[in-house]
Colleague: 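I'd like to ask some things about the structure below.
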Amino acid sequence: MSRIQVSRLPDERVRLVEDGTEHVMDLTDLPAYVAERESAGAPRWVWDDTARWYPLLLAADVRVERCHDLRLCHRLLRRAPAVDERLLEGEESWLWDRLRAAEPTDPMLFSADDASEHLRADIEDARQVATIEASPESARLELLVAAESAGALAAAEMTHAGVPWRVDVHEALLTELLGPRPPRGARPRLLEELADDVRRLLETPGLNPDSRPHLLAALRRAGIEVPDTRRSTLRAVDHPVVEPLVRYKQLAHLFSTNGWAWIDQWVSGGRFRPVYQPAGSATGRWSSNGGGALSFPVQVRSAAVADDDWVLVVADVAQLEPRVLAGMSGDRALARAARGADLYQGMVDDGAVATRQDAKLGLLGAMYGATSGESGRMVAGLTRRYPAAFGLVEEAARAGERGQVVRTLLGRGCPALGGGSWDESPDAPPADLDDQDRHRRAYGRFTRNFVVQGTGAEWASCWIADLRNRLWRLGADGPLDARPHLVFFLHDEVVVHCPAALADAVAAEVTAAASAAGALLFRELAVDFPLNVSVVRSYADAGKPGAPASADV
DNA sequence: AGCTGTCGCGCC
DNA sequence: AGGGCGCGACAGCT
């Protein structure tokens, strides 16, 4: 398969390099060219940043099947322990180190003094290909960069498509809970009334309940001694102000994070368009720098409603990370418990623990590094039962405490201790030995979780990479605007918007893609990745049978 | 007026 | 002292 390296030239020109042969065209001619090449057999487009180039193509209804995202992969390879870093050095290499993600609002914009504007994609691509080839883990790294790049395509496609959003439903919800939209700077009526209740009950007329110091002082005057104003702290207090205050905080949060201003900013043309940053977090999980896509609150999901005659297929993986741990550690006992829809119940049936809750506490405790309490106690017992799985996270923690880096299954390396982006404490080595010890332990908890969370992110990348292709093929017979498409992704959950008639087929593909991802990553050991799939008109109706209400990781 | 740090909240 | 995030508001600073 051919690779075509795409670089910018001054004056809205583009340089394309294919097998060393150079070809220059105007930026405006690029979409038509890409469309033609795609229909002739999908080359791999190699560019500095998918978020820079792809929106331009999508706007022209051009879809790309595969790409290689040089910025993402450069960062990945820089940190991959199985890579000889020196192979990445060379012309413009330092600029790739510094390259920031494209600006969502204006992806083609570079700051005037930025030498990154005209980076040579062909030169960097050659280095990356050679670097991967020379690695003893080249097969895994190849899979990782392909999955990561495909994820970047999916991210741009999801932002382009957007989650179907009924502003009228959302506004009706806000009006019901908060009252009519207030003028700028004012509180909605029902919120203001709750604030009055709080003021009256605390006998503090001028109180601003949004101010923690004021609120703490007023609580203290009323004889309520609390260390903070957290909801859980307040709930434990027996005083008439607690109920309206907690209610106030809840509604104030809704108002400020998903209120009318949020609609104005993030919903356009009946679509909610969050901006994703693939691998935006250190573990490889995606982050989001717009719209709060990572905290898509349950409260407003009722506004996510499929178009007429369309549905949303909502799917999430039950206990993704424990299953990933079973797969990557090759723990046959845990993999056996993972057969079926509920891994924790599987552990109970296995006789390893008495209750589902114990199983969950023990597993999460092992993955997060719990040292005390119920969770810490469960870990000890489960280690005997599932030595490979629990040993893997334990070893990752010990490596971190020794100051060593760890890696995911496919070879992503974690940030080094004191290396900057971990625990943002720039060149401030802890002063005394106690501090140093705490710091190392904290790093050990980070590396412990990194291996599982990071490999979980790799599983998820493979899942959506495969799924987007399956969905594309599924809609191949129909018109372009009737194809099922991904509209949302969050760690272990996807939402597909599709014509109602295709719902069952989409559900089957989502499930098949999950199996394929598992087989791709854990070929030696079969691990099930069962999904909760719902076909719904509104996101709010997506149930999650088999999973408890609290956060399952 | 801007910036940065912290809290408290939401999601996984 | 259980991991990873983003965001809005406040507070205190320049």
Side-chain angles (χ1 to χ4, degrees), chain A residues 185 187 208-216 226-234 245-246 248-259 261-262 265-266 274-277 279-301 316-322 324-325 360-376 378-379 393 396-397 400 406 414-415 421-425 434 437-439 441-457 460 488-494 544 547 550-553:
Chain A
R187 283 197 186 90
N208 170 14
D210 293 328
S211 165
R212 263 171 318 229
H214 291 184
L215 185 56
L216 276 172
V226 280
D228 54 64
T229 63
R230 231 170 277 161
R231 197 146 67 209
S232 55
T233 307
L234 294 171
L245 180 53
V246 165
Y248 174 87
K249 288 168 76 75
Q250 203 169 20
L251 290 178
H253 189 260
L254 171 67
F255 173 59
S256 63
T257 62
N258 293 101
W262 181 91
Q265 190 175 1
W266 297 109
V275 181
Y276 300 93
Q277 295 289 343
S281 77
T283 58
R285 270 192 180 178
W286 292 20
S287 64
S288 151
N289 59 3
L294 269 69
S295 53
F296 199 148
V298 177
Q299 259 181 316
V300 298
R301 288 188 184 187
D316 78 319
V317 192
Q319 307 113 14
L320 172 61
E321 285 172 5
V324 162
L325 176 58
K360 184 176 168 180
L361 273 175
L363 254 183
L364 295 185
M367 291 190 298
Y368 290 158
T371 54
S372 61
E374 192 97 9
S375 190
M378 294 310 308
V379 173
V393 285
V406 296
C414 71
S421 74
W422 184 79
D423 200 20
E424 297 305 347
S425 47
D434 271 3
D437 201 46
R438 261 196 296 278
H439 199 240
R441 269 205 245 281
Y443 186 67
R445 284 193 299 277
F446 169 69
T447 54
R448 170 196 291 273
N449 186 252
F450 179 92
V451 294
V452 182
Q453 190 185 117
T455 306
F488 189 69
F489 166 68
L490 178 57
H491 306 323
D492 64 357
E493 176 170 6
V494 295
K544 305 197 173 174
S550 60
D552 258 10
V553 178

Colleague: Figure out the NZ/C1' separation between K360(A) and dC12(B), and round it to whole Å.
Modeller: 12 Å
Colleague: Just to verify, what does Y248(A) make a ring-ring contact (aromatic ring centres under 6.0 Å, His included) with, not counting sequence neighbours?
Modeller: none
Colleague: Would you please test L363(A) and M378(A) for side-chain contact (heavy atoms from CB on, under 4.5 Å) and show each step?
Modeller: CA-CA 8 Å; L363(A) 254 183; M378(A) 294 310 308; over 6 Å; no
Colleague: Given atom CG of N289(A) and atom P of dC7(C), what is their separation to the nearest angstrom?
Modeller: 6 Å
Colleague: Aromatic rings F488(A) and Y276(A): how do their planes relate, parallel, tilted or perpendicular, breaks at 30° and 60°?
Modeller: tilted
Colleague: Salt bridge check, R448(A) against E321(A): does any charged N sit closer than 4.0 Å to a carboxylate O?
Modeller: no
Colleague: Rounded to whole Å, please give me the gap between CH2 in W286(A) and P in dC5(C).
Modeller: 16 Å
Colleague: Rounded to whole Å, please give me the gap between CD in E374(A) and P in dG2(C).
Modeller: 14 Å
Colleague: Out of dG2(C), dA11(C), dC5(C), which has the shortest distance to the side chain of A370(A)?
Modeller: dG2(C)
Colleague: For the side chain of D210(A), starting at C-beta, report the closest nucleotide among dC5(C), dA9(C), dG2(C).
Modeller: dA9(C)
Colleague: If you compare every side-chain N and O of N258(A) against the phosphate oxygens of dG8(C) (OP1, OP2), does one of them come in below 4.0 Å?
Modeller: no
Colleague: Considering only dC10(C), dG4(C), dG8(C), which nucleotide approaches the side chain of S256(A) most closely?
Modeller: dG8(C)
Colleague: Take the protein atom NE2 of H491(A) and the nucleotide atom C1' of dC11(B), then report the distance between them rounded to whole Å.
Modeller: 7 Å
Colleague: According to a cutoff of under 5.5 Å between the ring centres and under 30° between the ring planes, does Y368(A) stack with the base of dG2(C)?
Modeller: no
Colleague: Using whole Å, what does the distance between atom P of nucleotide dG2(C) and atom CZ of F446(A) come to?
Modeller: 17 Å
Colleague: Between D210(A) and R187(A), is the closest basic N to carboxylate O distance under 4.0 Å?
Modeller: yes
Colleague: Over how many whole Å does the gap from N208(A) atom CG to dC10(C) atom P extend?
Modeller: 6 Å
Colleague: Is the phosphate of dG2(C) approached by R445(A) (side-chain N or O, under 4.0 Å from OP1 or OP2)?
Modeller: no
Colleague: Given dG3(C), is OP1 or OP2 found less than 4.0 Å from the side-chain N or O atoms of T283(A)?
Modeller: no
Colleague: Expressed in angstrom and rounded to an integer, what is the separation of Q319(A) atom CD from dC12(B) atom P?
Modeller: 14 Å
Colleague: Let's see if you can work this out: which of dG3(C), dC10(C), dC5(C) has an atom nearest to the side-chain heavy atoms of S287(A)?
Modeller: dC5(C)
Colleague: Under a 3.5 Å distance rule, please check whether N449(A) uses its side chain to pair with a backbone N or O of M367(A) as donor and acceptor.
Modeller: yes
Colleague: Give the C-alpha distance, both sets of side-chain angles, the deciding distance and a yes or no for side-chain contact (heavy atoms from CB on, under 4.5 Å) between L215(A) and N208(A).
Modeller: CA-CA 7 Å; L215(A) 185 56; N208(A) 170 14; over 6 Å; no
Colleague: Applying a 4.0 Å non-hydrogen cut-off, can you work out what S375(A) is touching in the nucleic acid: base, sugar-phosphate, or nothing?
Modeller: base
Colleague: Identify the pairs formed between an N or O of the protein and an N or O of nucleotides 5-10 of chain B at a distance under 3.5 Å, and give each distance.
Modeller:
from	atom 1	to	atom 2	distance (Å)
dC7(B)	O4'	R212(A)	NH1	3.3
dC7(B)	O2	R212(A)	NH1	3.2
dG8(B)	OP1	T229(A)	N	3.2
dG8(B)	OP2	R230(A)	NH2	3.4
dC9(B)	OP1	R231(A)	N	2.8
dC9(B)	OP2	R231(A)	N	3.4
dG10(B)	OP1	R231(A)	NH1	3.2
dG10(B)	OP1	R231(A)	NH2	2.7
dG10(B)	OP2	R231(A)	NH2	2.4

